[in-house]
S.K.: 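Starting off with a structure, shown below.
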Number of protein chains: 2
Amino acid sequence: MQQKKLKLADLAKLAGVSTSTASRALNDNPLIKLETRERIQQLAKEHNFSLNAAASRLRLQKTKVIAVLINLDSETEQSIDDPFLLKVVSDINLAVNRQGYELLLSNSFMAGEDWHGYFIDGRRADGVIVVGQGKQQALIEAASKAGMPLVVWGDPKTKADYVIVGSDNFLGGKIAAEHLMSKGCKAPLFLGEPEHAELGERYNGFCTAIKSAGLTEQCQLLKIDITSQAAYEAINHKLRNDGLDFDGIFACSDMVALGAMKALKERYVSIPNDVHVVGFDDIAMADISFPSLTTVRQDTKQAGELLVSKLLAQLDGEQVASSQLEITLIERQSS
Amino acid sequence: MQQKKLKLADLAKLAGVSTSTASRALNDNPLIKLETRERIQQLAKEHNFSLNAAASRLRLQKTKVIAVLINLDSETEQSIDDPFLLKVVSDINLAVNRQGYELLLSNSFMAGEDWHGYFIDGRRADGVIVVGQGKQQALIEAASKAGMPLVVWGDPKTKADYVIVGSDNFLGGKIAAEHLMSKGCKAPLFLGEPEHAELGERYNGFCTAIKSAGLTEQCQLLKIDITSQAAYEAINHKLRNDGLDFDGIFACSDMVALGAMKALKERYVSIPNDVHVVGFDDIAMADISFPSLTTVRQDTKQAGELLVSKLLAQLDGEQVASSQLEITLIERQSS
DNA sequence: GAACTTTATGCAAACGTTTGCAATAGGGTG
DNA sequence: CACCCTATTGCAAACGTTTGCATAAAGTTC
């Protein structure tokens, strides 16, 4: 088994110096003679010494932790299952680590209602990244008002007094619609839930493009939950009831698009000949589905970097603004 | 902005008691008169009071945190992208929360080589769940030897002196092979990398079943990385070079299966008529692909529960053993 | 009503860092 | 050689909890 945990004082004794010197040495403080510093660092390595983070945090009033709060839409306690969300989290994780911070994975279940109290006063994290604006905008608002360092992944166009990073959803919707029309679509259909901030913008962009092309008076909308299952069922249902009265689909996410495509394929509707399909996100499956899925790519890597750097800037007391990520249309076989 | 952070002493003063009483009251210690307890708890709520976790951890020598260490196979710094892995993490997260613990999301990049030192001595977490045995079995071994409370998601049949939770991979492979043969396959193919502990067991089960059915002397193996991309390319390549010399595929994961299916579909090989396909995991896409994918389901929810409860048992000083999760064949259209 | 138990609370130490300030030693200057 | 300056190190307080022990008040027993 292991020997008793070494504390800083023990390490100092081994080195024949005071704890203050040891502490400074480990933090590379130039007050300490270079030679001594190196000797102590060397010793620390040999003995597998590591600082007690709890003590350090208590003393410094800083945790070097960033919390990621996944804002689930549903009230039901359920695991996340859209690969895109998880890609975002994963890229945030990398960015956080690259800055020498650790990542506390949390959710509204743990944090309760008073986020500022829980994370900041509770010294669990120095700042919070909220993924998804969800329905709890009020809680975000409150935490922000209380002075909690905060960055939100969502739609940057949202009028809010906290910092938001997200894709240019409006443009994404516009590009998708224009692409569909350029392929000859006369009656494209939006698949998703426009109540949701980000999706609403995509829908707006979509409609704007369609109307300005003079295509239809109102753009078609099929309102569904953001799951492939819901999309599958909705398209199935629509084909059964209304027949094929659309020739293009702009799905609010790739998972939704894939669900819709399954329904189409089962009924022998040809993609892209009868119906052109465009998704959103560019998850791995978009490329691997058959036919592969044309989609609007969100740059999650850049998103992670930006979310984190903006949060750290806030911690440094800087004033930071929301910002919008560029999106790219990835043309594949489905259109 | 917010008022100065309330500490326990302040709350105590407000209530007209000592900090000790306040502390005990918040922890529902029966030493304190019920009436007093309730009064103080009420007061705490009103003032949005929350304990300083850093101080608490320092004093208690416990963090109430569980670290999840994602053991990436690749040396390259990359984000995880198999939805299955993330499903596992997500289910662990739920289980962890349900037990009142928090989840520190980590990886070998942050933890370095000395996991015990980093997490336990560093008071970052009370225990660690390692997801994926990866290539770093030596580090796991070392951490375990050093006395780090630890549970690993991997293949439970692995001979090791740490606790492993995982599916019955051997049986999974066996069932998959038997299923393929029951559908008339004479020349099934394994797609994956048998070096990897879990996948190796699946391959063993697969071969065992095939041999005991007297089908072939050696079972066919196409060794590839565990990505849909690799699968797509490998199958493409094989079809081009060898033609269609197999009539069934058992893929080591659903993502791999989906990649393979894409290659088949592109070359107009009919699924399941020409080739039957079985995957592993049962990710959401398995159901939504077309044709939908027959697969061996791993119960990630139960996995999360077990991993966490076994870890907590260790923290309580109990002796715990590895255990194997049951798997289920989900029959769909691809076979 | 004295001795003793029970109940409820407070005192003060301890957890392991970090850091302002004091202290010491060595070197240079006039 | 007295003075000052610099370079290096140590002392001790503080961060905010929790908890063993002491204490005080109230109730019980003979």
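We use all heavy atoms of the structure for the numbers below, so side chains are in, but hydrogens, waters and symmetry mates are not. Since the model is a prediction, treat every value here as computed from it, not as a measurement. The sequence lines fix the lettering, A, B, ..., with proteins before strands; numbering per chain opens at 1.
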S.K.: To check you understand the geometry: which heavy-atom pair defines the closest contact between B/Asp299 and B/Leu325, and what is its length?
M.R.: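 Minimum heavy-atom contact is O-CD1, 3.8 Å.
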S.K.: In whole angstroms, how far is the P atom of D/dT19 from the CG atom of B/Asp28?
M.R.: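 So the CG-P distance, B/Asp28 to D/dT19, works out to 14 Å.
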S.K.: Check the distance between C/dT19's P and A/Leu51's CG and give it to me in whole angstrom.
M.R.: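 After rounding, the reported distance stands at 12 Å.
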S.K.: May I have the distance from B/Leu58 (atom CG) to C/dA14 (atom C1'), rounded to whole angstrom?
M.R.: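 Rounded to whole Å, this separation is 9 Å.
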S.K.: Base contacts versus sugar-phosphate-only contacts with protein, heavy atoms under 4.0 Å: please encode nucleotides 6-12 of chain C as B, S and - from 5' to 3'.
M.R.: --SBBBB
S.K.: Could you walk me through whether A/Ser56 and A/Lys64 pass the side chain to side chain contact (heavy atoms under 4.5 Å, CB included) test, one step at a time?
M.R.: CA-CA 10 Å; A/Ser56 185; A/Lys64 280 279 186 177; over 6 Å; no
S.K.: Rounded to whole Å, please give me the gap between CD in A/Glu35 and P in D/dT8.
M.R.: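 Roughly 10 Å, once rounded to whole Å.
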S.K.: Under 4.0 Å: is that the gap between some side-chain N or O of A/Ser23 and OP1 or OP2 of C/dT18?
M.R.: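 Answer is yes, contact under 4.0 Å.
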S.K.: How about B/Lys157: does its NZ atom have over 12 heavy atoms from other parts shown lying under 6.0 Å from it?
M.R.: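 Yes, NZ of B/Lys157 has more than 12 neighbouring heavy atoms, counting only those of other groups under 6.0 Å.
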S.K.: Counting only heavy atoms and a strict 4.0 angstrom limit, can you tell me which residues of residues 59-67 of chain A come near DNA chain C?
M.R.: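 Under 4.0 Å from DNA chain C: A/Arg59, A/Leu60.
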S.K.: For atom CD of A/Glu318, decide whether the heavy atoms of other residues, nucleotides or ligands shown that lie under 6.0 angstrom number more than 12.
M.R.: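 Enclosed.
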S.K.: Tell me if the CD atom of A/Glu46 is crowded by more than 12 foreign heavy atoms within 6.0 Å.
M.R.: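 Counting neighbours around CD of A/Glu46, more than 12 heavy atoms of other residues, nucleotides or ligands fall under 6.0 Å, so yes.
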S.K.: Rounded to whole Å, please give me the gap between CG in A/Leu8 and P in C/dT18.
M.R.: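 Spelled out: CG on A/Leu8 to P on C/dT18 is 7 Å.
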S.K.: Just how far, in rounded Å, is P of C/dC15 from CG of A/Asp10?
M.R.: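 Going from CG in A/Asp10 over to P in C/dC15 covers 11 Å.
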S.K.: Within a radius of less than 6.0 Å around CD of B/Gln61, do more than 12 heavy atoms belonging to other residues, nucleotides or ligands occur?
M.R.: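 Result for CD/B/Gln61: enclosed.
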S.K.: Return the OG1 to NZ distance between B/Thr300 and B/Lys87, rounded to the nearest 0.5 Å.
M.R.: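 Between atom OG1 of B/Thr300 and atom NZ of B/Lys87 there are 4.0 Å.
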S.K.: Tell me every residue that passes salt bridge (charged side-chain N to carboxylate O under 4.0 Å, His left out) with B/Glu141, counting only those two or more places apart in sequence or in another chain.
M.R.: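 In terms of salt bridge (charged side-chain N to carboxylate O under 4.0 Å, His left out), with neighbours along the sequence ignored, B/Glu141 is linked to B/Lys145.
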S.K.: Could you check how far CZ of B/Phe49 sits from C1' of D/dG16, rounded to whole Å?
M.R.: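 In whole Å, D/dG16 C1' and B/Phe49 CZ are 9 Å from each other.
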S.K.: Grab the CZ-C1' distance between A/Arg123 and D/dT17 for me, whole Å please.
M.R.: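 It works out to 13 Å between those atoms.
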S.K.: Hydrogens and angles aside, do A/Glu38 and A/Gln42 bring a side-chain donor and acceptor to less than 3.5 Å of each other?
M.R.: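 A/Glu38 vs A/Gln42: no donor-acceptor pair found between side chains.
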S.K.: So, OP1 or OP2 of D/dC15: does either fall under 4.0 Å of a side-chain N or O from B/Asn52?
M.R.: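 False: B/Asn52 side-chain N/O out of range (4.0 Å or more) of D/dC15 OP1/OP2.
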